[in-house]
Amino acid sequence: MPELAEVEFFRKRWNPGAGQAVVRALLHPHAGVFKESATPALIRERLAGAVLLSSEAAAKQMIFRFSGDGWLGIHLGMTGELSVQPPNHAPGKHDHLVLAQRDRCLVFTDPRMFGRVQFSTGASAPAWWTGIAPAILSPAFTAESVAAFLKRRARAPVKAVLLMQERFPGIGNWMADEILWRAAIHPRRAAGSLDAAEIRALHRECRHVCRRALATIGETFADPPRSWLFPHRWEDGGRCPKTGVPLVREEIGGRTTCWSPGRQREP
DNA sequence: TCCTATGTTGTATG
DNA sequence: ACATACAACATAGG
């Protein structure tokens, strides 16, 4: 489920616990989602008694800062979620991390276990956080940087290139399709074949889709409007909201991709 | 039973 | 060394 805006939405779900101490950290015995740097013993020891100070989201990741120089990183993978549960919450089958506070439990759930938990200590944010590529809505995300990246990945389909987090942090399968649909670029086009106007459109729509997704999904998890590709892409018999033409679905770059033949020309 | 799923990563191949 | 393609990870639901 989670791309840029869904991650931001889930990050805020733990806000009720900000300023509050963790009484106890409960970890799933299987420990499948914990990175080597985040050994269960270290997390239990460092988070017990620590106060949740603040949090941030970037790309598809979140970081939670705790007193005592603790930095907790969470990646939601394909099916991860954060939630707040009552203080007596009994961890469920897929609850990997439960931070019990006096008045609530902060819970990380992920049935499919593609998510990951990291943990570091130190006075400043760890490298796995500071090394995330500059946000698409930051000034560093320029049309020139997009052009240079497309040139280096010239032979790959542009759909696959949009999924590369090193240049398009936070973009996932549905956002990539939404961006290409708005920019009127066929997902199978070779990245190196885009002309200057297409690259500008791609850059512009990356920013537009990120901004609008954060304003809707990122705030309330509300579905984007029917004028987007999003609500039509998985519908049987779904039609392009701009042209009325039936949408097409096919695997491109290893992922199911949806586009509108009405506005995205075959390469 | 078989297929799909809003993600990443390791490995093989060019 | 670099770019690209693809299987693998684990689970639930249609």
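The model shown is predicted, which means the values in this text are computed figures rather than measured ones. Chain naming here is simple, since letters A, B, ... match the order of the sequence lines and numbering starts at 1 in each.
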Which nucleotides of DNA chain B pair, in dot-bracket form (Watson-Crick or G-U under 3.5 Å, | meaning another strand): .||||.||||||||

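When rounded to the nearest whole Å, the span between CZ of A:Phe168 and P of B:dG7 equals 15 Å. Atom CG in A:Asp236 sits about 13 Å away from atom P in B:dA5, given to the nearest Å. One interatomic measurement links the two molecules: CH2 of A:Trp174 to P of B:dG7, which rounds to 11 Å at whole-angstrom precision. Rounded to an integer number of Å, the gap from CG of A:Asp110 to P of B:dA5 is 18 Å.
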Identify the pairs formed between an N or O of the protein and an N or O of nucleotides 2-4 of chain B at a distance under 3.5 Å, and give each distance.
none

Which pairs, protein N/O on one side and nucleotides 10-14 of chain C N/O on the other, fall under 3.5 Å?
from	atom 1	to	atom 2	distance (Å)
C:dA10	O4'	A:Arg112	O	3.4
C:dA10	N1	A:Arg112	NE	2.6
C:dA10	N1	A:Arg112	NH2	2.8
C:dA10	N3	A:Arg112	NE	3.2
C:dA12	OP1	A:Lys93	NZ	3.3
C:dA12	OP1	A:His94	NE2	2.9

Hey, what are the protein-to-nucleotides 2-4 of chain C N/O distances that come in under 3.5 Å?
from	atom 1	to	atom 2	distance (Å)
C:dA3	OP1	A:Arg152	NH1	3.2
C:dA3	OP2	A:Arg152	NH1	3.3
C:dT4	OP1	A:Arg153	O	3.4
C:dT4	OP1	A:Arg155	N	2.9
C:dT4	OP1	A:Ala156	N	3.2

List every contact pair, protein side and nucleotides 8-12 of chain B side both N or O, where the distance is under 3.5 Å.
from	atom 1	to	atom 2	distance (Å)
B:dT8	OP1	A:His75	NE2	3.0
B:dT8	OP2	A:Lys60	NZ	2.7

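With no hydrogens or angles considered, a side-chain donor-acceptor pair links A:Arg11 and A:Ser55 at under 3.5 Å.
In this view, A:Arg226 and A:Pro231, A:His232, A:Glu235 satisfy the side chain to side chain contact (heavy atoms under 4.5 Å, CB included) rule, not counting sequence neighbours. Residues meeting the side-chain hydrogen bond (donor to acceptor under 3.5 Å, both in side chains) test with A:Arg167, sequence neighbours left out: none. Residues forming a salt bridge (charged side-chain N to carboxylate O under 4.0 Å, His left out) with A:Glu81 (at least two apart in sequence, or on another chain): A:Arg13. In terms of the side-chain hydrogen bond (donor to acceptor under 3.5 Å, both in side chains) criterion, residue partners of A:Asn173 (sequence neighbours excluded) are, by chain and number, A:Lys159. Take A:Trp181 and apply the side-chain hydrogen bond (donor to acceptor under 3.5 Å, both in side chains) test, not counting sequence neighbours, and it matches no residue. Residues meeting the side-chain hydrogen bond (donor to acceptor under 3.5 Å, both in side chains) test with A:Lys12, sequence neighbours left out: A:Glu219.
Hydrophobic cluster membership is shared by A:Val146 and A:Ile179, with clusters built from Ile, Leu, Val, Met, Phe, Trp and Tyr side chains linked at under 4.5 angstrom.
A centroid separation of less than 6.0 Å is found between the aromatic rings of A:Phe221 and A:Phe10. Checked against the 6.0 Å centroid criterion, the rings of A:Phe141 and A:His203 qualify as a close aromatic pair.
At a threshold of 4.0 Å, the pair A:Arg233-A:Glu178 does not count as salt-bridged, since none of the basic side-chain nitrogens sits closer than that to a carboxylate oxygen. Taking 4.0 Å as the cut-off between side-chain N and carboxylate O, A:Asp236 and A:Arg249 count as a salt-bridged pair.
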Verdict with supporting geometry, A:Lys60 and A:Glu6, salt bridge (Lys or Arg N to Asp or Glu O under 4.0 Å): CA-CA 9 Å; A:Lys60 298 174 189 171; A:Glu6 292 91 347; over 6 Å; no

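Counting heavy atoms from C-beta on, the side chains of A:His89 and A:Val107 come closer than 4.5 Å.
Under a 4.5 Å side-chain heavy-atom criterion applied to ILVMFWY residues, the cluster that includes A:Ile63 comprises A:Trp71, A:Trp128, A:Trp129, A:Ile132 as well.
The P atoms of C:dA10 and B:dT11 are separated by 15 Å, rounded to the nearest whole Å.
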